[in-house]
J.: 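Below: one structure in structure tokens.
What you are looking at is a predicted structure, and each value in this text was computed from that prediction instead of being measured.
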Amino acid sequence: MPILLLCLLLAGIFLPMPSYAKTLILDGGLDSKIKTTQQIGFSVDRELKTLSFKFALPTTFSNKATSQTIEGLNIKFNPEPVSVTDEKDKFGNVFKRVKWENLRQDISIRITYNALIKTELSSMESAATLPLKNIPKEDEVFLKPTSMVQSDNEEIIAISRRLTENARSENDAVNAILNWVSDNVKYTYNPPQYDAIHTLKTGKGNCQNFAHLSMALLRAAGIPARIVGGLSLKRQWKVPVEDGFLVQDMGQGGHAWMEILFPDLGWLSYDPQQSRQFTSTRHIKQTHGLDSKDVNDAWSGSPYLPRYSEDIEAVFNTDDVNIKLRTSRDAPISYIMSNNLIASAAVGKILPPTPTPEPPSPKPLPVITMPPKPAPPKKGAVVFGNTEFPALVDVYQIIGNEATRVFDKETAEHVTSRYVYAQAFTLDNAMALEGISLAMHKFGGDGTLFVDVVRDENGKPGLSGERSLLVSLSSIKFRPGYYWIDFAFAREKEPLPALKPGRYWIILRHSGEAIVNWFFIPGNPYGDSDDTRSTVKGYKWEDLLNYDFVFKIKGRV
């Protein structure tokens with residue numbers, strides 16, 4: 001079904017697409033006051049003799065860029081536990097340990113507080129060089145290897161040395177390591193393991209995997225690094241780029257990131273998937289430690305482990321976002337936010353350039369070897385896309401008779417709202433388009449869903465292409481989790497639409513009052529960082545998105 005998305009009179013509005021750099025150096029800040037409610041539940045199916053639950057509380061802290069103050073903390077239990085104690089670990093984290101006995105009803109825990117979070121993005125200057133000097137005695141513990149952060153592993157050490165061999169400052173070394181992790185690890189849900197070696201071998205993981213591998217490489221370079229456990233909030237904030245905005249968005253729930261020590265600046269906040277030297281006001285810190293075993297909530301029960309659930313509500317009573325783009329750099333592949341951190345003049349004095357005769361050609365940087373993707377057939381049926389997603393996201397992991405909370409959460413957009421969303425893909429060969437499937441969840445409403453497939457014009461969705469058949473919302477069953485919704489492009493006996501080689505965009509559209517979510521994977525696991533866009537105008541496509549939607553394309557070549 002050929003379509004013309006807009007009248008041809010609009011065809012001249014598109015300007016050449018600029019070439020975007022990937023690290024955006026920002027000035028400005030964020031300032032938010034957030035009323036946070038964390039609702040935790042345990043489902044008691046039959047009599048439970050004992051249940052012991054240890055959970056983290058939010059903390060007040062500050063560093064050079066980010067500060068957080070917690071006010072009005074209140075915790076309510078139903079039913080009342082037989083004991084409630086406060087525990088403070090060796091890192092200063094505060095946990096509640098709660099115990100129930102002889103339970104015959106579900107448990108609910110309601111935690112409420114105000115989080116006042118402020119992020120200031122301004123220039124910093126550091127004279128720290130490698131090897132690091134003047135590390136405080138109490139912070140040397142964050143150089144130790146652990147079972148999750150194997151910084152003493154030979155392969156980890158070799159990669160760390162290779163990445164940092166030309167670093168003239170600590171900041172050079174940190175950026176080299178974090179760029180490499182960003183470019184070589186793809187986000188996935190429900191990984192079987194979270195340690196650095198597993199992440200290195202598979203090239204996949206969630207936020208814990210990103211943090212553990214980054215920390216292992218940093219510690220192997222003599223740079224103290226520690227994991228942070230907390231919450232991420234699904235509240236968008238926008239960073240200006242050359243002709244629009246980069247939209248920062250995360251799922252709402254448990255999240256892990258990290259902090260890195262600069263001896264002359266102190267601990268600085270880093271989210272390996274999003275930001276450097278700071279975290280946004282969409283991060284609420286609870287704990288920090290050597291690895292995720294130090295920061296995770298955990299529980300045990302007898303004679304069985306009840307099912308755990310968690311729901312987080314965040315109301316932004318104030319939210320001031322004042323961000324300006326200062327400059328940009330061309331690495332890593334995915335977009336990363338940063339303030340301006342520069343090496344001071346002292347670095348040049350400590351490490352003067354040393355001339356060497358005819359230096360050998362630089363070795364290529366190491367890469368994680370992934371199983372090769374099968375080449376699509378030159379003739380016949382093809383299926384491709386960003387196809388991996390969990391039907392249900394696991395928010396806890398059971399090992400033996402103990403369970404631990406996992407820093408995974410649902411990531412999806414309400415795509416039948418006022419925004420229109422598009423995902424790009426590229427064809428190397430001509431193809432007859434049979435259908436497209438999107439990983440979605442129906443919540444309700446009425447009307448229809450359909451998709452447009454349009455050619456790329458200067459890096460954005462163009463004006464003409466193909467439209468799918470309509471899918472009535474009433475034909476989609478209510479189900480838990482996410483599942484494929486299929487869109488066909490030709491009725492029986494009709495010829496299939498023919499797509500030429502090139503770049504195309506999938507645009508989800510709807511009629512009526514449909515309420516539907518489209519699942520996405522954080523980062524850009526499918527393509528480049530410019531492959532996902534949204535708009536409120538219908539044709540400007542002014543927003544770049546920091547994730548890839550889940551989609552599947554079927555056709556014949």
J.: Could you go through R276 and N171, starting from their C-alpha distance and side-chain angles, then the distance that decides it, and tell me whether this counts as side chain to side chain donor-acceptor pair (under 3.5 Å)?
T.: CA-CA 10 Å; R276 297 183 186 171; N171 188 46; over 6 Å; no

J.: Ignoring hydrogens and geometry beyond distance, is a side-chain donor-acceptor pair present between E410 and Y482 at under 3.5 Å?
T.: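 Yes, because at least one side-chain N or O of E410 sits under 3.5 Å from a partner of the opposite role on Y482.
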
J.: Could you check whether any side-chain heavy atom of I342 comes within less than 4.5 Å of a side-chain heavy atom of S123, counting everything from C-beta outward?
T.: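 With C-beta onward as the side chain, the pair stays apart.
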
J.: Give me the atom names and distance for the closest heavy-atom approach of M258 to M215.
T.: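 Closest approach of M258 to M215, heavy atoms only: SD-CG, 3.8 Å.
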
J.: When you look at W257 and F407, which way does the ring-ring contact (aromatic ring centres under 6.0 Å, His included) test go after all the steps?
T.: CA-CA 10 Å; W257 57 99; F407 293 119; 8.5 Å; no

J.: Applying side chain to side chain donor-acceptor pair (under 3.5 Å) to E413 and Y547, what does each step give before you reach the verdict?
T.: CA-CA 11 Å; E413 289 290 0; Y547 50 78; 2.7 Å; yes

J.: Assign the ring pair W518 / F549 to parallel, tilted or perpendicular, where the plane angle (0 to 90°) is split at 30° and 60°.
T.: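 The arrangement is parallel - the two ring planes meet at less than 30°.
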
J.: Please evaluate residues Y189 and F519 with respect to the criterion ring-ring contact (aromatic ring centres under 6.0 Å, His included), reporting the C-alpha separation (whole Å), side-chain torsions for both, the decisive distance (0.1 Å), and the verdict.
T.: CA-CA 12 Å; Y189 285 86; F519 199 88; 5.4 Å; yes

J.: Assess whether side chain to side chain contact (heavy atoms under 4.5 Å, CB included) is satisfied between Q423 and F520, documenting all intermediate values.
T.: CA-CA 10 Å; Q423 172 70 49; F520 68 76; over 6 Å; no

J.: Does E388 come within less than 4.0 Å of K204, counting only side-chain N to carboxylate O?
T.: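 Yes, E388 and K204 are salt-bridged.
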
J.: Of the non-hydrogen atoms in F489 and S468, which two are nearest, and what is the gap between them?
T.: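 Where F489 meets S468 most closely, the heavy atoms are CE2-N, 3.5 Å.
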
J.: Walk me through whether L449 and I476 qualify under side chain to side chain contact (heavy atoms under 4.5 Å, CB included).
T.: CA-CA 10 Å; L449 302 174; I476 304 171; 4.0 Å; yes

J.: Do K285 and E259 sit within salt-bridge range, that is, some charged N less than 4.0 Å from a carboxylate O?
T.: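 Salt bridge present between K285 and E259.
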
J.: Which heavy-atom pair separates N296 from Q208 by the least distance, and what is that distance?
T.: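 What the structure gives for the nearest pair is ND2-OE1, 3.6 Å.
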
J.: Is there a salt bridge (Lys or Arg N to Asp or Glu O under 4.0 Å) between K201 and D195? Walk through the geometry before answering.
T.: CA-CA 10 Å; K201 296 299 184 186; D195 63 283; over 6 Å; no

J.: Around atom NZ of K554, are there more than 12 heavy atoms from other residues, nucleotides or ligands closer than 6.0 Å?
T.: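 It does not: K554 NZ has 12 such atoms or fewer within range.
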
J.: Indicate whether the side chain of T416 and that of H414 have a donor and an acceptor atom separated by less than 3.5 Å.
T.: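 Result is yes, a qualifying pair exists.
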
J.: So, D320 and K118, do they make that salt bridge, N to O below 4.0 Å?
T.: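 No salt bridge links D320 with K118.
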
J.: Should V406 and V395 count as side-chain neighbours, where that means a heavy-atom distance under 4.5 Å?
T.: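 They are not in side-chain contact.
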
J.: Applying side chain to side chain contact (heavy atoms under 4.5 Å, CB included) to L496 and L433, what does each step give before you reach the verdict?
T.: CA-CA 6 Å; L496 297 173; L433 178 61; 5.9 Å; no

J.: Just by distance, no angles: are the side chains of S511 and T448 close enough, under 3.5 Å, to form a donor-acceptor pair?
T.: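 Short answer, yes.
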
J.: Please determine, by modelled atom types, if Y504 and R455 share a side-chain donor-acceptor pair under 3.5 angstrom.
T.: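 Yes, a side-chain donor-acceptor pair sits under 3.5 Å.
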
J.: So do E542 and K238 actually touch side chain to side chain, heavy atoms under 4.5 Å?
T.: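 Not in contact.
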
J.: I'd like to know if K22 and D528 make a salt bridge, using a cut-off of under 4.0 Å between side-chain N and carboxylate O.
T.: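 A salt bridge links K22 with D528.
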
J.: What's the spacing between E310 CD and R405 CZ if we round to 0.5 Å?
T.: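 Rounded to the nearest 0.5 Å, the CD-CZ separation comes to 4.0 Å.
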
J.: With side chain to side chain contact (heavy atoms under 4.5 Å, CB included) as the criterion, how do L508 and I506 come out once you've worked through the C-alpha distance, each side chain's angles and the decisive distance to 0.1 Å?
T.: CA-CA 7 Å; L508 178 73; I506 302 167; over 6 Å; no

